[in-house]
Amino acid sequence: METLELKKQKVEEVKPITISGSAAVLEAFLAEGVDTIFGYPGGAIMPIYDALYDYNNRLKHILVRHEQGAIHAAQGYARASGKTGVVFATSGPAATNLVTGLADAMIDSTPVVCVTGQVFAHLLGTDAFQETDVINITTPITKWNYQVTDAKEIPSVLAKAFHIAGTGRPGPVLIDITKNAQLQMIEYSGYEKCTHIRSYRPKPIVRKEYIEEAAKLINEAKKPFVIFGQGVILGKAEKEFTKFIEKGGLPAAWTIMGMSAIPTNHPLAVGMLGMHGNYGPNLLTNECDVLIAVGMRFDDRVTGRLDKYAKQAKVIHLDIDPAEIDKNVKATVGVWGDCKETLPLLTELIQQKVYPQWLKQFKDCTTKEEDKVIKEELNPSKDELTMGEVIKLLNDLTKGEAIIVTDVGQHQMVACRYAQMNQSKSNITSGGLGTMGFALPAAIGAKYGAPDRTVVAIIGDGGVQMTIQELGTIMQFKPDVKILILNNSFLGMVRQWQELFHQNRYSFVDITSPDFVQVAKGYYIDGQSVNERSKLKGALETMLNHKGSYLLEVKVGKENNVFPMVPQGRGVAEIVLCKEEL
Amino acid sequence: MQKQEFTITVYTENQVGLLNRIAIIFSRRKINIESLNTSPSEVDSVHRFTIVINEYEEVVRKLCRQIEKQVDVLKAYYNTNDEIVWQELAMYKVPTDVIAEEVKVERLLSQHGAKAVVIRKDYTVFEVSGHREETDKLIEVLEPFGLIEFVRSARVAIIKNSDGFHSKLKEFEYKEPGEHAVENEFLDKNQEVFSM
C-alpha cells in the first residue's frame, strides 16, 4: 500500500533537471497522453519546434497546410477519439487563423488545447513583427486562455489547460507562450496533473431531490419524449443512456451533435431533431407531455420559434452546464450534473414501461415522411442522382461502421438524415458554428483519432474549396481518408433558401469547381468522378476498397431541396414535407 | 416584469484578462454596463467586481450564470437596490474665491455633506459619497458658481444578506464539497423558476 509518507519520498527522489520551456511543453504533452500534434511552424514558435526535433519519435506531428486545418484536424481527432486534440501555431496570422476553429470548438464543446507562439515578452504591445493580441482576440471563443511569459509557469499552466479542456463541458483552451519563455531554462522535477481548480467546478455533486422530481414526472407521463445531444457522447454515457430509454420505453431523438450516441437503428430511436430533422420528432415535440432533454442546449435550429416550442410539455433538462438550464427553454425540473452519474440514478427510479400507442404515432410520422420525402430521395425516379441515394449506397457498403465527417450545407443535412451509424463517435460535423471547410481537415484528424475505423469525409463542392489545401497534408502524411464530394454545382443550401424564400433570386450561389479529380491527382491522390447511377455503386466500392486516400466526386442533381423543413421563424410543429406545403 | 437596476457582485481570482472576459459577456449581448468597479474583497487573494446594469431579472440571472461559468470566476450574485448598501464617491473642483466670497456656497456644501479634500488658493476639491441622485444634485448646485471639474466613481456595494466569502471559499477549495455546497445553491434559490 502506498502511504502518504512513501509517496512523499518518491517525489523527493526525483532530482530536478534543467530543461527549456519548450521541452516542458512537450513533456506536458507526453504526460497527458498526447500522441499527435497538428501544427505549422513559424518564427515565434521556433524554439518549441526545435525541441520537437528531439521528441519526434514519441510525438507525431502532422504538418498541415493552413492553421485552420490544424485546429479542425484537432477537433476531428478529439471527436473521433474522445481525447483532447492538440495544436501548434505561431504568433500573428497563424494565431488568427485558428479563430474559426476555436469558435467552432467552443460552440460544439470540443476539447482542444492550442499552443501559440508569441513575440518576446519585452516586445509585447510594441506592434512587433507577427505580434497580435491573441489572448484578447480569442477570449470569447475559448473556455480558458492564458499567456505565459515565464517558463516556470509552463508545467502548471499546461496541466490546467488539459484539465479545463477535457472536463466538465469540454471546450478549447489556448496557451500563448512568449518566445523568451520557450527559450528559458527551468528546473524541472516532473509533471503534475491538475485535478482541482478552486474557481472551477467541472461538475456538481448530484442532488437526489431533482432526480426524484424528474423520475416522478417520467413515471406519470403518458407521452414522454427524450431528446439528446452530444452531452451523452462527451459524458461517455452511451450505455447509461441506452439503459435509461430502454427501461422507460422512451422514444428518443437526437440533435445533429448527439447523433450516433445510440445506434441509428435502435428500436427506440425516432430520428433527428431540427430544421431538417425528421418529421416525427419535430411534430411530436409539440405533443409529448414530458420532454426529457439530455446533454443538449435547445439550439434555435432545434427549437424553431421558442414561443411555439413544447409549450404543452413539462420539461426535464439534464445538463452539466448550469448556464444551459433555463437559457432557452424553461425547465420544469433542471437536473444539473454529469449525465453519466445522473442517468443511472434516474434509471433506477423510473418504472419499466412501454408506450406502444405513442411509439406508433412516431411510426406513422415516419411512414408519412417516407412516402413524401424519403422514397424519392433514396430511390429517385429521375435520372439525376440525389445525395440521399449516395448515402444509402454508402450505408450498404460500410454497414454503418464508418466515421462520417460532414461539412456544412445540404450534403450535411442529407448525410445526417440518412447515414446509418452503429457506434458512438461516428458523426463528426460542424453543428453549432456551421463552418464550411470543416470536413476535410476534420477527417484527417478523425483518422488519427480512430486509426482502425474507415473515415469518409462527405463534402459539398463549396465547402471543399474552402480548405482544399489540406489535400497536401493527406499527400504528405497519407492518412487513409475517403473524400466524397457531392457536387451539385451550387451553394446548395443558400440556393434552396433563395428558391424558397427569395423568389428564386439566385444571388451568387452558382459556384464553379475545378476538376476535383485532376486536383487530387496533382496531390498524388487517386480519384474519379461519376454522374451516372449505374456507376455509382462501383465507384463507392472502389473508393472504400482503395488502399489509402481516395477522392470520389459524385455529380448530383443541381436543384434538389432538403426536406422536411422547419422554416425559420416557425414552430417545430409547422414542419413542412415539401415546397408546396410552405 | 420591468427593467430595473441590479448590482452584480462577482468574486474572482486575480487574473490578467479577466476584466475583458467578464466585460464581453455584457457587450456581446449589447448590454450597457452602467458602472463597474474592481477591488480586493474581504478574502485575501480574491477579487471583487461590482457591476451595475439596468435589465430584466431574467436576463440578469442568465448573465450571472454565464459569468460564473468562466473558469477564473468563483461566484456571481445579483441584487436589487434594496438588498444592498451602496455608495458612489464624487469629487468637485470649484474656484476657491467663489466659496470664500459667497457664504451661501459653503452652506450648500455642508448641506450636501461635502468635505473639502484639498484647499488651494485657486481651487478647492470637495468630495461627497452617496447615491447617484445626491451627487448629481450637488452638480446642479455648484454649476452656477463655476464648477471646474466633476468626477464620480463606480458604485461599490455591500450585500445586506451576506456572510462574506470566507466560508464559501473554503468549500471551493475542497475537491469534494458537501452535498449542499455553494455551487448547488442556484437550484435552491430559484424555487420559483423550477416551479412544477
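Order of the sequence lines sets the chain letters (A, B, ...), proteins ahead of strands, with each chain counted from 1. Quick note: numbers below take in every heavy atom, side chains included, and nothing from hydrogens, waters or symmetry partners. Quick caveat: nothing in here was measured; it's all calculated off a predicted structure.
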K.L.:
Looking only at heavy atoms, which of residues 16-41 of chain B get nearer than 4.5 Å to chain A?
P.N.:
B/Asn20, B/Arg21, B/Ile24

K.L.:
I'd like to know which of A/Ile135, A/Ile197, A/Thr195 tops the heavy-atom pair count under 4.5 Å against chain B.
P.N.:
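When all of A/Ile135, A/Ile197, A/Thr195 are compared, A/Thr195 has the most.
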
K.L.:
Give the interface residues of residues 141-172 of chain A toward chain B, defined by a heavy-atom separation under 4.5 Å.
P.N.:
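Residues in range: A/Thr142, A/Lys143, A/Trp144, A/Asn145, A/Tyr146, A/Lys160, A/Ile164, A/Arg169.
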
K.L.:
Give a yes or no on this: more than 12 heavy atoms of other residues, nucleotides or ligands lie within 6.0 Å of atom NZ of B/Lys121.
P.N.:
no

K.L.:
Do other residues, nucleotides or ligands put more than 12 heavy atoms under 6.0 Å from B/Asn161 CG?
P.N.:
no

K.L.:
Using a cut-off of 6.0 Å, state whether more than 12 heavy atoms not belonging to B/Lys62 lie near its atom NZ.
P.N.:
yes

K.L.:
Check whether more than 12 heavy atoms from other residues, nucleotides or ligands sit under 6.0 Å from atom CD of B/Gln4, and answer yes or no.
P.N.:
yes

K.L.:
Write down the atom of B/Lys69, the atom of A/Asp321, and the distance for their closest heavy-atom approach.
P.N.:
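Between these two residues, the closest heavy atoms are NZ-OD2, 2.7 Å.
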
K.L.:
Under 6.0 Å from the CD atom of B/Glu106, do we count more than 12 heavy atoms belonging to anything else shown?
P.N.:
no

K.L.:
Hey, what do you get for NE2 (A/His196) to OH (B/Tyr174), rounding to the nearest 0.5 Å?
P.N.:
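With rounding to 0.5 Å, NE2 (A/His196) is 11.0 Å from OH (B/Tyr174).
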
K.L.:
More than 12 heavy atoms of other residues, nucleotides or ligands under 6.0 Å from CG of A/Asp307: yes or no?
P.N.:
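Above 12, so yes.
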
K.L.:
Between the side chains of B/Glu58 and A/Lys330, is the shortest nitrogen-to-carboxylate-oxygen separation below 4.0 Å, so that they form an ion pair?
P.N.:
yes

K.L.:
Of all of B/Glu13, B/Gln70, B/Gln66, which one pairs up most often with chain A through heavy atoms under 4.5 Å apart?
P.N.:
B/Glu13

K.L.:
Is it the side chain or the backbone of B/Val71 that comes within 4.5 Å of chain A heavy atoms, both, or neither?
P.N.:
both

